[in-house]
Colleague: 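Here it is: the structure, laid out below.
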Protein chains: 4
Amino acid sequence: MKKTARELQKEQTKALLLKTAYNVFSEKGIMNTRVSDIAQAAGVSHGTIFVHFRSQEAMIEEVVAVYGQKIALRTHTLAQSCGHLSELLRAHLHGIMEFEPFYTRLVIENRLLPTGAKDSIIAIQSAISFHFSQAVQRELKSSQSDGIPSYLLFNMWMGLVHYYLANGDLFAPEGHVIRRYGGTLIQSFMKLLTAKEEK
Amino acid sequence: MKKTARELQKEQTKALLLKTAYNVFSEKGIMNTRVSDIAQAAGVSHGTIFVHFRSQEAMIEEVVAVYGQKIALRTHTLAQSCGHLSELLRAHLHGIMEFEPFYTRLVIENRLLPTGAKDSIIAIQSAISFHFSQAVQRELKSSQSDGIPSYLLFNMWMGLVHYYLANGDLFAPEGHVIRRYGGTLIQSFMKLLTAKEEK
Amino acid sequence: MKKTARELQKEQTKALLLKTAYNVFSEKGIMNTRVSDIAQAAGVSHGTIFVHFRSQEAMIEEVVAVYGQKIALRTHTLAQSCGHLSELLRAHLHGIMEFEPFYTRLVIENRLLPTGAKDSIIAIQSAISFHFSQAVQRELKSSQSDGIPSYLLFNMWMGLVHYYLANGDLFAPEGHVIRRYGGTLIQSFMKLLTAKEEK
Amino acid sequence: MKKTARELQKEQTKALLLKTAYNVFSEKGIMNTRVSDIAQAAGVSHGTIFVHFRSQEAMIEEVVAVYGQKIALRTHTLAQSCGHLSELLRAHLHGIMEFEPFYTRLVIENRLLPTGAKDSIIAIQSAISFHFSQAVQRELKSSQSDGIPSYLLFNMWMGLVHYYLANGDLFAPEGHVIRRYGGTLIQSFMKLLTAKEEK
DNA sequence: CATGAATGAGATTTCATTCAT
DNA sequence: CATGAATGAAATCTCATTCAT
């Protein structure tokens with residue numbers, strides 16, 4: 001019973017640390033954040049971090065894993081109810097928007113993150129990739145013949161979105177790239193795809 | 001005359017350092033490279049770096065500036081003789097390919113580089129952007145009416161290319177992303193554009 | 001309560017560092033001492049210094065501030081009970097003697113110390129200056145008319161003492177300048193002053 | 001003959017270096033000046049310094065020796081024609097004034113200078129010390145009985161002057177301590193001495 | 001003799017990690 | 001479990017000195 005109280009406390013602290021790390025990462029970047037920054041922001045001591053995480057690297061991996069899953073799940077949920085491809089794209093951007101600062105950090109620092117974080121990032125992409133492929137196949141059936149394989153269309157879309165996020169400092173210095181350009185991106189991307197259909 | 005001998009030596013050493021830095025950066029990444037890594041790779045002493053560069057940051061900026069200009073110029077040159085948009089894209093990828101490992105690092109670490117390095121990166125993009133816009137306007141005149149503005153098409157293309165480069169570890173672990181996927185990228189991108197024309 | 005144990009330890013370490021720095025400074029000089037000298041002398045690791053002081057400069061300033069205040073206070077205390085000027089001078093030298101090696105370093109390196117340290121040095125001088133002026137006014141009232149302003153007498157006395165300290169390597173290679181010459185200095189200085197009175 | 005030309009050149013360069021070092025030392029301080037500062041100010045290359053001086057330390061010692069001797073000689077010359085002690089003091093200050101910035105550096109950095117420099121500084125003091133003792137003995141014959149030994153009066157005078165020079169940043173931030181306070185110092189010092197005589 | 005490129009021994013400072021309390 | 005003092009391995013940058021030209 002006593003144990004449970006302790007465990008509860010531990011879980012609470014860990015949750016706090018994960019949430020705080022997420023916030024600090026969103027603001028300062030992941031690799032630029034020191035362990036002590038998170039401790040301070042969470043109002044706990046320096047050493048507490050290492051009670052809950054084996055190392056800084058492990059912490060980053062876990063934060064990315066947890067929030068990556070959150071993002072993936074949310075994206076999945078939003079995508080579920082989408083009939084049309086353009087709706088899906090909107091859902092996708094909507095999902096990103098809810099986590100934009102953090103997601104942008106993942107995009108920017110992607111290759112510099114600890115190895116374990118990569119899987120989480122891939123998982124996020126898979127979440128939308130699945131729905132994307134389905135929607136494309138449903139919608140652009142005819143185009144499959146002459147066609148651009150759907151995974152390439154997906155990469156194009158992802159590339160476009162990430163390009164805007166990664167260069168957000170130029171495109172939208174105030175920080176809300178998706179809010180500002182999301183509509184345009186969807187519209188243009190859809191126009192490109194559907195042009196094929198109209199011929 | 002005597003002076004020239006001395007100056008020559010200095011220029012040679014600086015050139016050596018720039019080239020070595022370029023190589024090491026290409027391999028280990030830019031921000032992950034320590035000053036002493038470059039010194040060691042160049043076979044000079046630690047302090048020599050600081051004879052030629054005011055600081056590590058200044059060195060990074062200069063390396064990026066020098067090779068950025070090289071890339072921009074090469075791109076520009078290759079693009080000059082391109083009539084067709086697809087030729088231009090081929091020229092673009094060709095230009096990148098010659099510097100692929102380094103260029104990939106620029107893409108990956110973009111936002112984490114010293115301020116001065118950003119301008120160089122932008123300059124590279126401008127080199128291809130100009131030719132791209134012209135080719136699009138020449139080729140897809142009709143599409144301008146309904147159309148997707150050419151800068152958005154450009155961003156789409158850049159996004160696509162950068163997406164492949166940034167995820168090169170997944171797409172082509174051996175390291176030659178462009179060689180492996182370049183053709184496909186051009187083909188698909190062109191198909192998307194020209195579909196509109198065919199209608 | 002638990003906290004106190006921790007805080008106590010920290011305070012102890014800091015006190016140890018301050019005392020050690022004071023000792024090392026006294027022996028090697030202030031600006032000639034490296035951070036690691038103090039760490040080694042204190043038997044702590046290099047990095048510990050920076051747990052307790054923001055920077056080397058801050059450390060120097062704090063050591064000078066703490067011991068400067070000690071010196072000033074001690075001087076003040078000793079001076080309080082002095083009726084006669086000669087007693088005051090004796091008290092002054094007595095105060096200096098207790099801190100002679102360190103005080104000598106302050107005199108020697110005065111102008112080369114961090115800005116913040118200067119105030120501390122001035123504060124020490126003020127401690128004696130006040131009592132000095134009072135004693136002079138009390139004792140040499142008549143001389144004020146023809147007179148040498150008391151601040152000049154003070155500067156003369158300080159100059160004399162500092163001259164002996166600064167050239168201690170010549171006057172007293174064994175290191176105890178005041179012990180050896182203090183009496184003479186007071187005697188002579190008093191003789192000069194009182195001669196005026198006797199006329 | 002050819003050799004002579006070379007030697008001439010060498011001597012000229014060395015003279016230039018000595019003079020330049022003197023100037024730079026006067027302005028920046030002695031121990032704060034880097035070898036390259038002097039080279040730059042002299043318009044010669046970095047390495048030239050080491051053609052003429054075995055090491056930085058040797059250079060400092062030589063500069064101090066040369067200009068120390070100049071100061072001593074000048075002081076001696078000025079002192080020669082002085083009948084009265086007050087004239088001597090005036091001559092002393094006059095001599096210092098001609099070299100004030102450099103002399104002040106000697107006073108401030110005295111104990112931090114290379115060992116060899118100390119002798120030069122002592123020599124300067126001897127130059128005035130000799131004349132001082134003589135004047136005192138001539139003038140204050142009677143006082144010798146009850147008396148303050150003349151070397152102590154000398155130290156008092158030197159202490160007073162050095163105290164003003166060393167604290168020049170407080171007394172005369174514009175830099176001309178002697179010009180501003182010299183008269184007062186002489187007057188007061190003389191008053192103290194002569195008071196004894198008048199009794 | 002003069003040059004100045006190259007050297008490399010330090011010195012300060014940061015920060016992830018450990019561990020006694 | 002939480003704490004935070006202590007650790008020490010880096011990493012950057014400075015500058016006196018050397019030496020080939």
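Keep in mind that the numbers below use all heavy atoms, side chains included, and drop hydrogens, waters and symmetry copies. Below, chain A is the first sequence line, B the second, and so on; all start at residue 1.
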Colleague: In whole Å, I'd like the distance from the CZ atom of Phe53(C) to the P atom of dT14(E).
Modeller: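 In whole Å, dT14(E) P and Phe53(C) CZ are 15 Å from each other.
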Colleague: Picking from dA10(F), dA16(E), dT7(E), which would you name as closest to the side chain of Gln56(A)?
Modeller: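 So the nucleotide nearest the side chain must be dA16(E).
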Colleague: When you measure from the side chain of Phe50(A), which nucleotide among dA11(E), dA5(E), dA16(E) comes out closest?
Modeller: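 The closest nucleotide is dA16(E).
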Colleague: How about Phe25(A) and Ile38(A): do any of their side-chain heavy atoms sit closer than 4.5 Å?
Modeller: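 Yes, their side chains come closer than 4.5 Å.
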Colleague: Quick check: do Asp37(A) and Asn32(A) have side-chain heavy atoms less than 4.5 Å from each other?
Modeller: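 With C-beta onward as the side chain, the pair stays apart.
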Colleague: Looking only at non-hydrogen atoms, find the nearest pair between Gly116(B) and Glu61(B) and report the distance.
Modeller: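 What the structure gives for the nearest pair is N-OE2, 3.0 Å.
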Colleague: Looking at dT7(F), I'd like to know if its phosphate oxygens (OP1 or OP2) sit under 4.0 Å from a side-chain N or O belonging to Thr48(C).
Modeller: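 Checking Thr48(C) against dT7(F): at least one side-chain N or O falls below 4.0 Å of OP1 or OP2.
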Colleague: On DNA chain F, does the nearest nucleotide to Gly47(C) precede the nearest nucleotide to Ser36(D) from the 5' side, or the other way round? Give the residue.
Modeller: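 Result of the comparison: Gly47(C).
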Colleague: Hey, which of these two, Ser55(B) or Val44(C), hits DNA chain F nearer its 5' end, going by closest nucleotide?
Modeller: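 Residue closer to the 5' terminus by nearest nucleotide: Val44(C).
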Colleague: In which ranges does DNA chain E form stems of 3 or more consecutive Watson-Crick or G-U pairs, distances under 3.5 Å?
Modeller: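 Counting only runs of 3 or more consecutive pairs, the stems involving DNA chain E are E:2-21 with F:2-21.
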Colleague: Whole Å only: how far is the CG atom of Leu8(B) from the C1' atom of dA20(F)?
Modeller: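 In whole Å, dA20(F) C1' and Leu8(B) CG are 15 Å from each other.
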Colleague: Could you state the CG-C1' distance from Leu16(C) to dA5(F), rounded to the nearest angstrom?
Modeller: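 Distance, rounded to whole Å: 13 Å.
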Colleague: Checking Lys70(B) against Tyr67(B): charged group under 6.0 Å from the ring centre and within 45 degrees of the axis?
Modeller: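 Lys70(B) over Tyr67(B) ring: yes.
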Colleague: Take atom CE of Met59(C) and atom P of dA11(E), then tell me their distance rounded to the nearest Å.
Modeller: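 So the CE-P distance, Met59(C) to dA11(E), works out to 14 Å.
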Colleague: In terms of side-chain heavy atoms of Ser45(A), which of dA5(E), dA5(F), dG4(F) is nearest?
Modeller: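 Of the candidates, dG4(F) comes closest.
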Colleague: Whole angstrom is fine here: how far is it from CD1 in Ile30(D) over to P in dA16(F)?
Modeller: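 Answer to the nearest Å: 15 Å.
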Colleague: Rounded to the nearest Å, what distance is computed from the CD atom of residue Glu57(D) to the P atom of nucleotide dT17(F)?
Modeller: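 Rounded to whole Å, this separation is 8 Å.
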Colleague: Using whole Å, what does the distance between atom C1' of nucleotide dG10(E) and atom NE2 of His46(C) come to?
Modeller: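 Roughly 11 Å, once rounded to whole Å.
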Colleague: Should Leu106(D) and Leu113(D) count as side-chain neighbours, where that means a heavy-atom distance under 4.5 Å?
Modeller: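 Yes, at least one pair of side-chain atoms sits under 4.5 Å.
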Colleague: Where the side chain of Val51(B) is defined as all heavy atoms beyond and including C-beta, which of dA10(F), dA6(E), dA16(E) is the nearest nucleotide?
Modeller: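 Minimum distance to the Val51(B) side chain belongs to dA6(E).
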Colleague: Please pick, from dT3(F), dT14(E), dA6(E), the nucleotide with the shortest atom-to-atom distance to any side-chain atom of His52(B).
Modeller: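 The nucleotide sitting nearest to the side chain is dA6(E).
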Colleague: Any donor-acceptor pair under 3.5 Å linking the side chain of Arg111(A) with the backbone of Lys118(A)?
Modeller: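 No; zero donor-acceptor contacts below 3.5 Å.
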Colleague: What is the distance, rounded to the nearest whole Å, between atom CE of Met31(D) and atom C1' of dC15(F)?
Modeller: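 One finds 13 Å between C1' of dC15(F) and CE of Met31(D), rounded.
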Colleague: Got Phe102(A) and Ile71(A) here, is their nearest side-chain heavy-atom distance under 4.5 Å?
Modeller: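 Side chain of Phe102(A) against side chain of Ile71(A), heavy atoms only: contact under 4.5 Å found.
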Colleague: Quick check on DNA chain E: between Arg34(A) and Lys14(B), whose nearest nucleotide comes earlier from the 5' end?
Modeller: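 This one resolves to Lys14(B).
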